[in-house]
Amino acid sequence: MKVLHLEENHPALIKGLQVLGIENDLAYEDSLDEVLAKLDQYEGLIIRSKYPIDRTFVAQAKKLKFIGRVGAGLENIDVEAVQAQNIHLLNAPEGNRNAVGEHTLAMLLALMNKLRVGHTSIQSGQWNREGHRGWELSGRTVGIIGYGNTGKSFAKRISGFATKTNCYDILDNVGDQNAQQVNWETLVSQSDVISLHIPQTDLTSGIIDKKFIDSMAHPFWLLNTGRGSAVVTEDLVTGLKSRKIMGAGLDVLEYETRSFSSVFNQEKLPSALQYLIKADNVLLSPHVAGWSQESHVKLATTIVDKVKKLFF
């Protein structure tokens, strides 16, 4: 079996496939046209988010048996087109769920305890204790939207904080000992924290907008470690200015490209993004919630394990 790698991953991925007797070719610098010209030589493809895997792409994959997506999201893949060609689609949400859960918790605690602004105020020579009085997580109600791998991971990590944790998901019966599954009305009426753990789909695009923010019964903290498209940034800024949103921890932004490259690759930053960058009650990170040293290895080995289970 021959496998083509479009993007670099942890060496454990190639080494693991080699142990299975698989031949690995690297196309890290190849253009899309160059990839398409030789795609029919390969039974396997390893990707992240560099190129869209659409019907045109799949049509060139005459021998392809599997696509390994080193990550969780599948928004750059035409899943129906892949399945129509009987190509197995392997992703690795198990590989970075722990990292995302911990990162989400870190953002929430940092926001509620004003850690970033406290640190920067000391750097500027100020010692303002009262101005940096924070809030406790214990006793609050946390609402998780999307209760799959990362949603469950976050719920597990806040379970020791004496919170009430609710979850909402389009699938039934996903609640567990760490979160009670509730309907949408209960979620918005009870939550002090909203954390997004949802993929990019037509259903999730713009789910956090003015209507949602206005429907929340209490001022709340917002966390997004899912996909930037889920939040209408201009409405988020309005919510932050009115203090309906107490603070926002954002690992993802709607201004990212498909391959999650820098939001600074534009001549002028949108005004809403400029506000987020400067706001004291906003914490940003560059799409790294699932990007830990450990998850780098786990994502690679998860794909190897799934290939082994499927073919060997």
Side-chain angles (χ1 to χ4, degrees), residues 45 47-58 67-85 87-97 99-101 103-104 143-155 166-175 179 181-185 187-188 191 194-213 215-216 222-236 248-261 263 287-291 299 302 306:
L45 183 69
I47 65 168
R48 292 208 311 264
S49 305
K50 187 176 182 180
Y51 295 127
I53 310 302
D54 54 19
R55 292 186 181 277
T56 300
F57 190 103
V58 173
I67 296 173
R69 161 71 166 100
V70 187
L74 300 174
E75 63 269 16
N76 63 314
I77 301 172
D78 187 331
V79 176
E80 290 185 359
V82 170
Q83 292 175 339
Q85 297 298 320
I87 299 169
H88 295 280
L89 183 54
L90 311 175
N91 65 334
E94 309 93 333
N96 63 3
R97 60 189 173 191
V100 174
H103 191 99
T104 309
I144 299 174
I145 301 178
Y147 205 59
N149 280 280
T150 63
K152 289 179 184 293
S153 176
F154 176 54
N166 294 329
C167 65
Y168 175 85
D169 198 283
I170 60 173
L171 301 178
D172 294 329
N173 303 315
V174 297
Q181 188 166 8
V182 298
N183 60 29
W184 191 256
E185 291 72 22
L187 187 89
V188 300
S191 298
I194 290 289
S195 189
L196 304 179
H197 298 270
I198 45 182
Q200 181 174 315
T201 69
D202 291 341
L203 289 176
T204 63
S205 180
I207 195 171
I208 306 301
D209 58 5
K210 183 180 185 301
K211 181 179 178 181
F212 175 87
I213 295 167
S215 72
M216 288 289 290
L222 176 67
L223 306 166
N224 189 10
T225 52
R227 287 293 184 263
S229 60
V231 177
V232 179
T233 310
E234 291 186 358
D235 293 349
L236 167 62
L250 308 172
D251 181 56
V252 290
L253 294 163
E254 70 168 308
Y255 307 107
E256 296 176 72
T257 64
R258 184 189 65 252
S259 58
F260 313 134
S261 62
V263 296
H287 204 131
V288 293
W291 207 246
L299 287 167
T302 296
K306 290 186 176 183

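Since the model is a prediction, treat every value here as computed from it, not as a measurement.
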If I take atom [atom1] from residue [X] and atom [atom2] from residue [Y], how far apart are they, to the nearest 0.5 angstrom?
{"X": "R69", "Y": "L89", "atom1": "CZ", "atom2": "CG", "value": "10.0 Å"}
{"X": "N96", "Y": "N149", "atom1": "CG", "atom2": "CG", "value": "8.5 Å"}
{"X": "Q85", "Y": "I67", "atom1": "CD", "atom2": "CD1", "value": "10.5 Å"}
{"X": "E254", "Y": "E234", "atom1": "CD", "atom2": "CD", "value": "7.5 Å"}
{"X": "D235", "Y": "T233", "atom1": "CG", "atom2": "OG1", "value": "9.0 Å"}
{"X": "S49", "Y": "H287", "atom1": "OG", "atom2": "NE2", "value": "7.5 Å"}

Sub-4.5 Å side-chain heavy-atom contact between [X] and [Y]:
{"X": "F57", "Y": "L45", "value": "yes"}
{"X": "I194", "Y": "I145", "value": "yes"}
{"X": "S191", "Y": "M216", "value": "yes"}
{"X": "V231", "Y": "L196", "value": "yes"}
{"X": "T204", "Y": "R227", "value": "no"}
{"X": "Y147", "Y": "K152", "value": "yes"}
{"X": "R55", "Y": "E80", "value": "yes"}

Inset, instruction - Look at atom CG of N173 and say whether more than 12 heavy atoms of other residues, nucleotides or ligands are closer to it than 6.0 Å. - result: no
Legend entry - Residues, nucleotides or ligands: over 12 heavy atoms within 6.0 Å of Q181 CD: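 Yes.
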Inset, instruction - Applying side-chain contact (heavy atoms from CB on, under 4.5 Å), run through N91 and I77 and close with a yes or a no. - result: CA-CA 11 Å; N91 65 334; I77 301 172; over 6 Å; no
Grab the two heavy atoms, one from [X] and one from [Y], that are nearest each other, plus how far apart they are.
{"X": "H103", "Y": "D251", "result": "NE2-OD1, 3.9 Å"}
{"X": "N224", "Y": "A230", "result": "ND2-CB, 4.5 Å"}
{"X": "F212", "Y": "I207", "result": "CB-O, 3.6 Å"}
{"X": "L187", "Y": "I144", "result": "CD1-N, 4.1 Å"}
{"X": "E94", "Y": "T302", "result": "OE1-CG2, 3.6 Å"}
{"X": "L223", "Y": "F154", "result": "CD1-CZ, 4.1 Å"}

Inset, instruction - Indicate whether any N or O donor in one side chain lies under 3.5 Å from an N or O acceptor in the other, for T225 and T104. - result: yes
Legend entry - Worked check of side-chain contact (heavy atoms from CB on, under 4.5 Å) between L222 and L236: CA-CA 9 Å; L222 176 67; L236 167 62; 3.9 Å; yes
